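Below is one structure, written out as structure tokens; the observations come after it.
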Amino acid sequence: MYNHYDHHATSFNRTALAQRYFPYLLPLSAWAKFRRWLLTNPRLKPILASGSRSFTPAQVALIYSEIGEP
């Protein structure tokens, strides 16, 4: 059975998550556009400060709460 909370509890490679939002773009372009989205949102901008190449489940949940699910 599908549990909405379980969907939030998934970690993602940053490019993979970006491509979920922009499936029609090449991976690098999708990441660049998604990064701009994150940079314009004060609550999401700190996520980029770590320089990590993946998002934790908590970070994914925050992204979903701020900009919606892809």
Side-chain angles (χ1 to χ4, degrees):
M1 180 177 187
Y2 178 76
N3 183 336
H4 187 72
Y5 179 78
D6 289 342
H7 187 66
H8 288 273
T10 304
S11 61
F12 277 98
N13 169 284
R14 66 186 188 185
T15 304
L17 184 57
Q19 286 195 283
R20 290 182 58 127
Y21 283 95
F22 306 105
Y24 51 88
L25 295 178
L26 294 173
L28 189 58
S29 297
W31 167 241
K33 189 167 187 170
F34 189 61
R35 185 177 178 276
R36 285 192 300 272
W37 275 18
L38 299 179
L39 287 171
T40 60
N41 184 312
R43 291 195 62 199
L44 298 178
K45 190 175 181 178
I47 291 174
L48 298 174
S50 72
S52 176
R53 293 189 171 268
S54 60
F55 297 115
T56 66
Q59 290 170 328
V60 172
L62 178 60
I63 290 168
Y64 286 173
S65 72
E66 288 293 309
I67 60 177
E69 293 186 34

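Since the model is a prediction, treat every value here as computed from it, not as a measurement.
- Linking Ile, Leu, Val, Met, Phe, Trp and Tyr residues whenever their side-chain heavy atoms come within less than 4.5 Å places Y21 and Y24 in a single cluster.
- Nearest heavy atom pair, residue Q19 against residue A30, reads CG-CB, 3.9 Å.
- Note: the hydrophobic cluster containing Y64 also contains L48 (ILVMFWY, side chain heavy atoms under 4.5 Å, direct or indirect links).
- Partners of R35 under the salt bridge (charged side-chain N to carboxylate O under 4.0 Å, His left out) rule, at least two apart in sequence or in another chain, do not exist in this structure.
- S50 is linked by a side-chain contact (heavy atoms from CB on, under 4.5 Å) to S52, counting only residues two or more places apart in sequence or in another chain.
- Note that OG of S11 is 10.0 Å distant from CD of Q59, once rounded to the nearest 0.5 Å.
- To the nearest 0.5 Å, atoms CD1 (I63) and CG (L17) are separated by 5.5 Å.
- When all heavy atoms of T10 and V60 are compared, the closest pair comes out as O-CG2, 3.4 Å.
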Listing, residues 37-46 side-chain donor-acceptor contacts under 3.5 Å, not counting sequence neighbours, or none:
from, atom 1, to, atom 2, distance (Å)
T40, OG1, R36, O, 3.4
T40, OG1, W37, O, 2.9
N41, OD1, R43, N, 2.8
N41, OD1, L44, N, 3.3
N41, ND2, E66, OE1, 3.1
R43, NH1, E66, OE2, 2.7

Dump the intermediate steps for side chain to side chain contact (heavy atoms under 4.5 Å, CB included) on L25 and F34, then the final yes or no. CA-CA 11 Å; L25 295 178; F34 189 61; over 6 Å; no

